[in-house]
Engineer: 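Following this message is one structure expressed as structure tokens.
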Amino acid sequence: MSLVRPPSFRELAERMGEAEAVRYLLRIGYGTMKVVAESGLPYHRVILYRERVKSLKSMEFSRLASFYERLSGVRSRKAKEALISRFLSSRVLPVDVMVNLLTAKPFKNLGVGPGTIRDSLALASRWSPERVEALYREYGEYGEVAYLILRGSSSPLTVKEVYLSLKLLPRLAREDRVKVLSSLLSTASRIEGKYIVRLALGDLKLGFKENTLLIAASKAFNVDRQLLENASAIKGLAEACRLASIGEYMLRLVELKPGVPFKPMLAHLYREDKVKFPVRVELKYDGSRLQIHKIGGKVKLYTRRLVEKSDVLPEVVEIARGFNADSCIVDCEVIAVDDKGNPLPFQYLLERTLPRKYESERAEKVRVTVKAFDIVYHEGRSLLSTPLQERIPILMSVVPKEFLAEGETCTTPGEVEKYFKDAVSRGYEGIMVKALDSIYEPGRRTYTWLKLKPLRDTIDAVVVKAYYGTGLRAGYYSSLLLAVRDPKARKLYTIGRVSNISEDLMDRLKKRFDQLIVRRDRDGIVLKPEVVVEVTYMEIQRSPEYSSGYALRVPKIVRVRNDKTVGEIDTLDKIRELYMSQSAVKS
DNA sequence: CCTGATGCGTC
DNA sequence: GTCGGAC
DNA sequence: GTCCGACGACGCATCAGG
């Protein structure tokens with residue numbers, strides 16, 4: 001038996017530092033959990049060291065958390081702007097990091113949602129997951145729940161430690177994600193816990209988003225707002241702010257170039273008083289936005305949120321190879337089509353655009369094509385400030401006719417009306433109306449682009465369940481499950497949920513619903529079918545989810561029908577008919 | 001191996 | 001994708 | 001007018017659990 005006591009973790013850490021000590025133990029064959037036990041360090045920190053993070057030194061996370069608190073404490077946007085502006089000017093951290101910590105954007109795809117948070121909080125607080133979830137229902141948000149149930153420790157976390165731990169999550173199995181999160185939460189103070197939860201969910205609930213931050217940054221660094229906006233659409237907000245902090249001249253250097261995706265320009269809903277003649281009207285195709293970048297033989301495709309789809313849609317890459325330009329960026333809609341080239345319902349398209357990998361069987365089942373409607377870069381030249389009327393001829397010279405969105409010029413309301421009616425009768429989603437003198441403003445929603453859609457039929461349906469709201473809607477029933485009747489089977493069949501309910505109406509409905517409760521379940525109250533509502537929608541889809549076999553896409557409440565009883569609501573047969581009449585127009 | 005829960009991104 | 005609501 | 005928060009449907013990806 002050896003008389004030499006092996007060195008304790010303390011001694012090792014003093015000799016070589018915490019990180020090295022952990023790695024030493026791992027090297028000599030200790031498992032992660034054994035290192036945790038031996039060192040007394042929190043699990044997340046051991047994992048970080050295991051992943052070769054050298055130092056965790058940086059600003060204390062508690063300082064950031066109290067800044068978050070101050071921000072959420074002030075109500076007016078002006079005040080928030082001022083606080084953010086001062087924070088950014090302070091440069092306590094690199095500017096892009098500060099921006100990221102305010103938008104939580106880097107924490108958007110961690111594979112963490114309410115379920116993971118519930119389990120992590122349960123583990124950290126030793127409450128049961130059921131009780132944690134019950135609190136969530138009451139408060140509508142997990143940050144507050146964390147604040148309520150964590151015991152709170154005073155061990156100082158650093159910003160870097162939290163940042164890196166969260167960024168690590170996607171690479172871990174779910175079980176380990178829960179362990180890392182709960183380790184962070186056990187180490188944190190209660191306020192810190194609240195914001196760790198919110199960061200992990202990618203939503204800080206500070207009452208502002210990118211636009212407010214952008215204005216604050218333009219003030220903090222004294223740069224032109226338009227310039228910053230433009231740079232942000234191309235480089236992302238964090239990078240644009242970093243450039244702004246160096247100097248306005250850096251923003252001027254940011255230019256569109258093929259291969260670098262940018263946020264596409266968006267349209268407002270049509271309003272008659274917003275139309276500026278002459279306009280270009282175009283068919284509105286029911287597909288997904290797609291940016292085609294071409295540079296020499298290389299083609300890159302990006303979605304609206306800048307997700308690259310080049311490998312998933314090889315047909316589109318092939319189409320782009322045929323464009324009559326060496327370099328260009330074309331804005332278009334990708335749609336699903338049948339063998340004859342006729343548009344298919346949106347559902348089909350999802351089977352092609354959602355997968356992350358290309359599979360030939362899928363491609364054979366659902367074909368896709370594109371309908372291009374704009375060009376923003378051509379042979380080395382940005383066309384962002386070139387008016388639409390000049391971009392269109394360039395587009396037409398680059399893109400073969402079959403891949404162009406159908407459109408024409410209108411100079412009077414009558415012509416627009418005629419074009420619209422024709423588009424609807426041909427089964428299209430509606431039309432776009434664009435001012436001919438408009439420039440292309442990346443990332444902005446402007447009134448120079450308008451989308452006009454037809455009013456659809458309405459359906460009278462009965463409310464069979466009401467769901468608890470979350471966040472600001474906690475305590476209300478903010479969404480309603482609807483059903484139609486089948487007179488033959490004498491049964492009700494669900495057709496989906498609807499949620500655009502004003503606070504006023506929610507109050508009134510709550511009183512009625514509370515009289516009709518059949519039973520409560522985990523996410524809402526099941527009701528005696530009595531309250532009738534009239535709803536409208538964009539489209540009826542086949543549904544695997546609802547018992548009717550159909551669901552409403554983009555459903556909207558029109559009004560509550562106090563004059564109708566369950567016996568008088570619409571029937572399943574009518575839903576079937578409406579569905580059939582849709583597909584009939586399309587083919 | 002299948003199924004359900006969860007998360008994500010499209011509209 | 002939509003809507004309601006605050007500012 | 002602008003911005004934000006709270007919501008709808010779908011299908012795919014991933015993973016835990018039977």
Side-chain angles (χ1 to χ4, degrees), chain A residues 75-81 108-119 140-141 169-170 172-178 201-215 266-269 271 274 284-290 303-307 309 312 333-336 345-357 359 362 366 429 444-447 451 453 467-474 476-482 495-506 535-546 550-558:
Chain A
R75 299 198 63 79
S76 93
R77 200 146 62 219
K78 283 259 178 273
K80 285 182 200 293
E81 247 175 61
K108 279 277 158 64
N109 291 321
L110 302 178
V112 173
T116 309
I117 292 298
R118 177 199 58 215
D119 294 348
E141 191 264 313
L169 294 175
L172 305 176
R174 192 197 132 101
E175 200 190 338
D176 293 335
R177 286 204 278 259
V178 170
L201 289 169
D203 183 4
L204 284 164
K205 301 200 166 288
L206 298 177
F208 65 88
K209 281 266 163 51
E210 283 213 358
N211 277 314
T212 307
L213 193 41
L214 194 140
I215 296 165
L266 305 169
H268 271 293
L269 278 177
R271 271 177 44 186
K274 291 291 177 191
K284 188 170 189 316
Y285 298 87
D286 190 9
S288 287
R289 195 77 177 265
L290 195 73
T303 66
R304 180 167 159 189
R305 289 192 196 163
L306 317 190
V307 179
K309 289 287 171 185
V312 187
E333 195 81 359
V334 52
I335 58 173
F346 181 73
Q347 269 180 303
Y348 289 84
L349 181 66
L350 294 176
E351 296 179 34
R352 286 302 313 280
T353 55
L354 290 182
R356 282 176 232 174
K357 284 195 184 128
E359 275 171 35
R362 282 193 177 123
V366 181
E429 201 192 332
R444 288 199 65 201
R445 196 183 287 280
T446 74
Y447 282 99
K451 48 185 165 182
K453 302 186 188 190
Y467 293 82
Y468 303 125
T470 66
L472 297 171
R473 291 265 197 273
Y476 289 106
Y477 303 115
S478 64
S479 133
L480 313 177
L481 179 62
L482 305 179
I495 55 166
R497 294 163 65 165
V498 67
S499 72
N500 65 314
I501 311 166
S502 67
E503 282 168 19
D504 185 46
L505 180 57
M506 277 194 282
V535 289
T536 184
Y537 55 88
M538 177 179 141
E539 186 191 32
I540 294 174
Q541 297 178 308
R542 292 312 312 261
S543 169
E545 184 64 27
Y546 294 100
Y550 298 93
L552 308 182
R553 175 171 167 214
V554 194
K556 285 172 244 184
I557 283 198
V558 177

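Here is how names work: the chains are called A, B, and so on, in the same order as the sequence lines, proteins then strands, and each is numbered from 1. Since this is a predicted model, take the numbers as computed values, not measurements.
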Engineer: Give me the atom names and distance for the closest heavy-atom approach of A:Ser479 to A:Ser499.
Structural biologist: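 Of all heavy-atom pairs spanning A:Ser479 and A:Ser499, the closest is CB-CB, 4.0 Å.
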Engineer: Let me know the distance between CD of A:Glu210 and P of D:dG5, rounded to the nearest Å.
Structural biologist: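 It works out to 12 Å between those atoms.
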Engineer: Just do the salt bridge (charged side-chain N to carboxylate O under 4.0 Å, His left out) check on A:Arg289 and A:Glu333 with the steps written out, would you?
Structural biologist: CA-CA 5 Å; A:Arg289 195 77 177 265; A:Glu333 195 81 359; 5.1 Å; no
Engineer: Whole-Å distance between C:dT2 P and A:Glu539 CD?
Structural biologist: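 It is 13 Å, rounded to the nearest whole Å.
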Engineer: So, the side chain of A:Lys108 versus the backbone of A:Asp203: is there a donor-acceptor pair under 3.5 Å, distance only?
Structural biologist: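 Looks like no, no N/O pair under 3.5 Å.
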Engineer: Round to the nearest Å and state the distance from A:Glu81 atom CD to D:dC3 atom P.
Structural biologist: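 It works out to 10 Å between those atoms.
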Engineer: Just checking A:Arg445: base, sugar-phosphate only, or nothing, at a heavy-atom cut-off of under 4.0 Å?
Structural biologist: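 Nothing, no nucleic acid heavy atom in range.
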Engineer: Hey, is the side chain of A:Lys274 poking within less than 4.0 Å of OP1 or OP2 on D:dG1, counting only N and O atoms?
Structural biologist: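 So the side chain of A:Lys274 is within the cut-off, an N or O lying under 4.0 Å from OP1 or OP2 of D:dG1.
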Engineer: Hey, is the side chain of A:Lys209 poking within less than 4.0 Å of OP1 or OP2 on D:dC3, counting only N and O atoms?
Structural biologist: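 No, A:Lys209 has no side-chain N/O under 4.0 Å of OP1/OP2 on D:dC3.
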Engineer: Heavy atoms under 4.0 Å, any strand shown: does A:Lys453 hit a base, just sugar-phosphate, or nothing?
Structural biologist: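 Sugar-phosphate only.
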Engineer: Could you check whether A:Glu141 pairs with A:Lys205 (Lys NZ or Arg NE/NH1/NH2 to Asp/Glu carboxylate O, under 4.0 Å)?
Structural biologist: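 No, no charged N to carboxylate O under 4.0 Å.
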Engineer: Quick test of your reading of the model: are A:Arg362 and A:Glu351 salt-bridged, counting only N-O distances below 4.0 Å?
Structural biologist: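 Looking at A:Arg362 and A:Glu351, the cut-off is not met.
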Engineer: Has the side chain of A:Arg473 got a donor or acceptor atom that lies under 3.5 Å from a matching backbone atom of A:Ser478?
Structural biologist: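 Answer holds: no.
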Engineer: Using modelled atom types only, decide if a donor and an acceptor are shared between the side chain of A:Asn500 and the backbone of A:Lys556 within a distance under 3.5 Å.
Structural biologist: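 No; judged by distance alone, with no hydrogens or angles, the pair does not exist.
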Engineer: Is there a side-chain polar atom (N or O) of A:Lys451 under 4.0 Å from OP1 or OP2 of C:dG1?
Structural biologist: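 Yes.
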Engineer: Figure out the CD1/C1' separation between A:Ile557 and C:dG4, and round it to whole Å.
Structural biologist: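 Interatomic distance, CD1 of A:Ile557 to C1' of C:dG4: 13 Å.
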Engineer: Using whole Å, report how far CG of A:Asp203 lies from P of D:dG5.
Structural biologist: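 Result: 7 Å.
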Engineer: Looking at A:Lys78, I want to see if its NZ is surrounded by more than 12 non-hydrogen atoms of other residues, nucleotides or ligands under 6.0 Å.
Structural biologist: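 12 or below, so no.
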Engineer: Taking any heavy-atom pair under 4.0 Å as a contact, classify A:Leu269: base, sugar-phosphate, or nothing.
Structural biologist: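 Sugar-phosphate contact only - A:Leu269 comes under 4.0 Å of backbone atoms but never of a base.
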Engineer: Which value, in whole Å, describes the distance between the P atoms of nucleotides D:dC7 and B:dC11?
Structural biologist: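 These two P atoms come out 22 Å apart once rounded.
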Engineer: Does A:Tyr467 have A:Arg497 sitting over its ring (NZ/CZ under 6.0 Å from centre, angle to axis within 45°)?
Structural biologist: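 That pair qualifies as a cation-pi contact.
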Engineer: When you compare B:dC8 with C:dG1, how far apart are their C1' atoms, in angstrom units rounded to a whole number?
Structural biologist: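 Their C1' atoms lie roughly 16 Å apart.
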Engineer: For A:Lys78 and D:dT2, give me the distance from atom NZ to atom P, rounded to whole Å.
Structural biologist: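 Value for this atom pair: 14 Å.
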Engineer: Just checking A:Lys108: base, sugar-phosphate only, or nothing, at a heavy-atom cut-off of under 4.0 Å?
Structural biologist: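 Sugar-phosphate contact only.
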Engineer: Looking at every heavy atom in both A:Val535 and A:Ile557, which two are closest together, and how far apart are they?
Structural biologist: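 In this case the closest contact between A:Val535 and A:Ile557 is CG1-CA, 4.1 Å.
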Engineer: Which nucleotides of nucleotides 8-18 of chain D have their base under 4.0 Å from a protein heavy atom (B), which only their sugar-phosphate (S), and which neither (-), written as one string 5' to 3'?
Structural biologist: SSBBSS--S--
Engineer: May I ask you to establish whether A:Arg542 and A:Tyr550 are in a cation-pi arrangement, using a distance under 6.0 Å from NZ or CZ to the six-membered ring centre and at most 45° from the ring axis?
Structural biologist: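 Flagged: A:Arg542 positioned over aromatic ring of A:Tyr550.
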Engineer: Does this structure show an ion pair linking A:Lys453 with A:Asp286, if we count only N-O contacts that are shorter than 4.0 Å?
Structural biologist: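 No, no charged N to carboxylate O under 4.0 Å.
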Engineer: Write down the distance between CE (A:Met506) and P (C:dC3), rounded to a whole number of angstrom.
Structural biologist: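 The answer, rounded to whole Å, is 16 Å.
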Engineer: Distance under 4.0 Å to a non-hydrogen atom of chain A counts as contact; along DNA chain B, which nucleotides mark the start and end?
Structural biologist: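 For DNA chain B, the relevant span reads B:dT6 to B:dC11.
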Engineer: Base, sugar-phosphate or nothing for A:Thr353? Non-hydrogen atoms, less than 4.0 Å.
Structural biologist: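 Contact class for A:Thr353: none.
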Engineer: Between A:Arg445 and A:Ala267 (side chain of the first, backbone of the second, donor and acceptor by atom type, cut-off under 3.5 Å), is there such a pair?
Structural biologist: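 It does hold such a pair.
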Engineer: When you compare the protein's N or O atoms with those of nucleotides 5-7 of chain C, which come within less than 3.5 Å of each other, and at what distance?
Structural biologist:
{"residue": "C:dG5", "atom": "OP1", "partner": "A:Glu503", "partner atom": "N", "Å": "3.0"}

Engineer: What does A:Lys80 touch in the nucleic acid at a heavy-atom separation under 4.0 angstrom: a base, only the sugar-phosphate, or nothing?
Structural biologist: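 Touches nothing.
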Engineer: Rounded to the nearest Å, what distance is computed from the CZ atom of residue A:Arg271 to the C1' atom of nucleotide C:dT2?
Structural biologist: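 To the nearest whole Å, that distance equals 17 Å.
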Engineer: Name the nucleic acid region contacted by A:Tyr447, choosing base, sugar-phosphate or nothing; use a 4.0 angstrom heavy-atom cut-off, strictly under.
Structural biologist: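 Touches sugar-phosphate only.
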